[in-house]
Amino acid sequence: MAKRVYQVWKGSNYFFLGGRLIFGPDAKSLLISLLLIIVPVTVFCVFVARHLRHEFPSYNAGYAILVVAIVFTIHVLVLLLLTSARDPGIVPRNSHPPEEEFRHEFSASVEGGRQTPSLQFPRTKEVIVNGMPVRVKYCDTCMLYRPPRCSHCSICNNCVERFDHHCPWVGQCIGLRNYRFFFCFVSSAMLLCIYVFAICALYIKVLMDNNQSTVLKALKESPASVVLMAYCFISLWFVGGLTGFHLYLISTNQTTYENFRYKAENRINVYDLGCVNNFMEVFCTKVKPSRNNFRANVQEEEPRPPLPTTREAEVEMGEDHRAKVEDDLEFGGDLLKISQRHNIEDIEAEIRSRGSDVHHHNSSEADSVLGSDRRAPNVQADIRNSSWGRRSGSWEIASEVVGMQSNVTESRSHVSPKEQYQ
């Protein structure tokens, strides 16, 4: 049976419901966030809102307090689930590097400084965003050039578009596809804290009015209200501060990652479209569909031809050079034949200058000698020694061949008169 994508996923994510829900590797921390929301609201409904049902008889306003608390809590939990259980904008990783980006470069080797071709891969390249050049980096893990504003999360082991940060409280990366839900979750949690704090304070006021007592006595009558007010006050520093910080990021069209990393560099923000347009980009645009189909069947890729190795590239680049060397060797052999033929002609002229009485005898013997001499250079000129030496990037004739040719030349140029007459 064919496996599905989520079953062979190389990231550190957890999948549930057959790949319909995706969580980060620290998804267990999501349970802590759920408890921090559900437990205080439950205490509020049981010990505070329930006692206020009959305090506002007109239009049953007391019941509205309880209903609003429950509905608001469900709203916050749904936003939390949309933030942590969906694809944040993961860029699908490649199974091999982009081959069109490979290039041949030459590097000098240690031996003699000869140039050796090697495969190089550019680590960065520039793309144009809003008319401005932006440098993007290559990700070795995902084997792709990251899109602008994309970064690799070391926790989830994925490249995420418009990466903001990895939030341990929701157990997921915050990126292009879940950033608006994350902001709505944080701001809604802030409003829920304010609501619970305000209703608890109202309940203390009601106790003071009904019993004609002081604030201290009213607090003693409802210790749950005191605990909830303290809890909400502390939580407001966290979720309230986070909401304010992200309001600033949205208005300037930044991410948390960009703000912390590039703040000291004073870079020009090429993504800033103006405050209004920045808010509309986050909240009024359609959420892009996921680039991953985690429930799809895994398709086997066709085998790809292996990339050329350094040795193969070297052989390919050296073919033209070797052909040139062979042409030079043949040309050198022709020159040797010409020089040898010139020496033979000198010998013939010297023989002809001798007397006519021994002309026929000497010429016949000379012809035999010369014939053997004429054949010798032809034979030796065709010799190809397999042990060609390569030094400092140039081809040289082996010493044995040079020695043989020099001996032949010397033997032809030093013929004694005694041998000529025998």
Side-chain angles (χ1 to χ4, degrees), residues 16-17 21 29-86 167 169-172 178-244 246-247 279 282-284 287:
F16 296 94
L17 299 180
L21 302 180
S29 60
L30 181 63
L31 300 176
I32 300 176
S33 300
L34 292 174
L35 293 176
L36 292 176
I37 297 173
I38 296 175
V39 171
V41 172
T42 303
V43 174
F44 171 77
C45 292
V46 173
F47 295 99
V48 177
R50 184 172 63 89
H51 296 293
L52 294 174
R53 289 177 299 169
H54 306 292
E55 294 296 332
F56 307 96
S58 59
Y59 302 104
N60 294 322
Y63 286 95
I65 296 175
L66 183 61
V67 173
V68 169
I70 296 175
V71 173
F72 209 169
T73 303
I74 294 175
H75 172 71
V76 172
L77 295 178
V78 170
L79 289 174
L80 176 60
L81 185 64
L82 290 174
T83 302
S84 60
R86 67 185 292 133
C167 183
W169 296 102
V170 302
Q172 183 63 281
N178 64 348
Y179 179 76
R180 80 171 58 170
F181 301 109
F182 170 76
F183 177 80
C184 292
F185 161 70
V186 173
S187 57
S188 298
M190 179 193 68
L191 295 177
L192 181 60
C193 289
I194 295 175
Y195 178 78
V196 172
F197 184 91
I199 298 300
C200 288
L202 177 62
Y203 183 56
I204 296 297
K205 180 66 170 58
V206 170
L207 291 177
M208 290 174 60
D209 295 340
N210 292 342
N211 300 329
Q212 299 295 325
S213 59
T214 61
V215 176
L216 184 59
K217 291 182 179 180
L219 293 177
K220 290 181 179 180
E221 292 182 10
S222 179
S225 298
V226 178
V227 174
L228 288 173
M229 291 176 67
Y231 176 79
C232 292
F233 179 79
I234 296 173
S235 299
L236 274 174
W237 285 99
F238 176 71
V239 294
L242 199 58
T243 301
H246 280 279
L247 282 173
F279 273 94
V282 174
F283 298 107
C284 301
V287 179

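The shortest heavy-atom contact between Met208 and Ala218 is CG-CB, 3.5 Å. Nearest approach of Arg86 to Gln172, heavy atoms of both residues: O-NE2, 3.4 Å. For the residue pair Ser84 and Val170, the shortest heavy atom distance occurs at CB-O, 2.9 Å. What you find for Tyr195 and Ile65 is that their closest heavy atoms are OH-O, 2.8 Å. The minimum heavy-atom distance between Asn178 and Leu82, with the atom names listed, is CB-O, 4.2 Å.
Looking at residues two or more places apart in sequence or on another chain, you find a side-chain hydrogen bond (donor to acceptor under 3.5 Å, both in side chains) between Ser188 and His75. Applying the ring-ring contact (aromatic ring centres under 6.0 Å, His included) rule to Phe183 yields the partners Phe283; only residues at least two apart in sequence or on another chain are considered. Residues satisfying the side-chain hydrogen bond (donor to acceptor under 3.5 Å, both in side chains) test with Lys205, not counting sequence neighbours, are Asp209. Among residues two or more places apart in sequence or in another chain, the side-chain hydrogen bond (donor to acceptor under 3.5 Å, both in side chains) test is passed with Ser222 by Ser225. Residues that satisfy the ring-ring contact (aromatic ring centres under 6.0 Å, His included) test with Phe185, not counting sequence neighbours, are absent from this structure. In terms of the ring-ring contact (aromatic ring centres under 6.0 Å, His included) criterion, residue partners of Phe16 (sequence neighbours excluded) are, by chain and number, Phe23. Partners of Tyr203 by side-chain hydrogen bond (donor to acceptor under 3.5 Å, both in side chains), not counting sequence neighbours: none found. For Phe279, the ring-ring contact (aromatic ring centres under 6.0 Å, His included) test picks out no residue, with sequence neighbours left out.
One finds the CG atom of Leu207 at 11.5 Å from the OG1 atom of Thr214 (value rounded to the nearest 0.5 Å). To the nearest 0.5 Å, atoms CG (Leu242) and OG (Ser187) are separated by 10.0 Å. Separation of atoms CG (Leu236) and OG1 (Thr243) is listed at 9.0 Å; rounding is to 0.5 Å. In this structure, CG on Leu35 lies 9.5 Å from CG on Leu30, to the nearest 0.5 angstrom.
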For this session: Please lay out, stage by stage, how Cys200 and Phe44 fare under the test side chain to side chain contact (heavy atoms under 4.5 Å, CB included).
Result: CA-CA 8 Å; Cys200 288; Phe44 171 77; 4.0 Å; yes

For this session: Would you sort out whether Val287 and Arg180 count as a side chain to side chain contact (heavy atoms under 4.5 Å, CB included), showing the intermediate values?
Result: CA-CA 9 Å; Val287 179; Arg180 80 171 58 170; 3.8 Å; yes

Problem set entry | Steps toward side chain to side chain contact (heavy atoms under 4.5 Å, CB included) verdict (Ile38, Leu77) | CA-CA 9 Å; Ile38 296 175; Leu77 295 178; 4.2 Å; yes

For this session: Give the C-alpha distance, both sets of side-chain angles, the deciding distance and a yes or no for side chain to side chain contact (heavy atoms under 4.5 Å, CB included) between Leu80 and Val76.
Result: CA-CA 6 Å; Leu80 176 60; Val76 172; 5.6 Å; no

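Contacts classified as side chain to side chain donor-acceptor pair (under 3.5 Å) and involving residues 228-238 (residues at least two apart or in different chains) are not found. Evaluation of the side chain to side chain donor-acceptor pair (under 3.5 Å) test over residues 38-53, restricted to residues two or more places apart or in two chains, returns none. Residue pairs meeting the side chain to side chain donor-acceptor pair (under 3.5 Å) criterion with at least one partner in residues 30-39, sequence neighbours excluded, do not occur; the list is empty. Sorted by first and then second residue, the salt bridge (Lys or Arg N to Asp or Glu O under 4.0 Å) pairs with a member in residues 210-229 form an empty list; sequence neighbours excluded.
A heavy-atom distance below 4.5 Å is found between the side chains of Pro40 and Leu228. Side-chain atoms of Ile70 and Cys45, non-hydrogen and from C-beta on, do get closer than 4.5 Å to each other. Within the 4.5 Å cutoff, the side chain of Phe182 has no heavy atoms near those of the Leu79 side chain.
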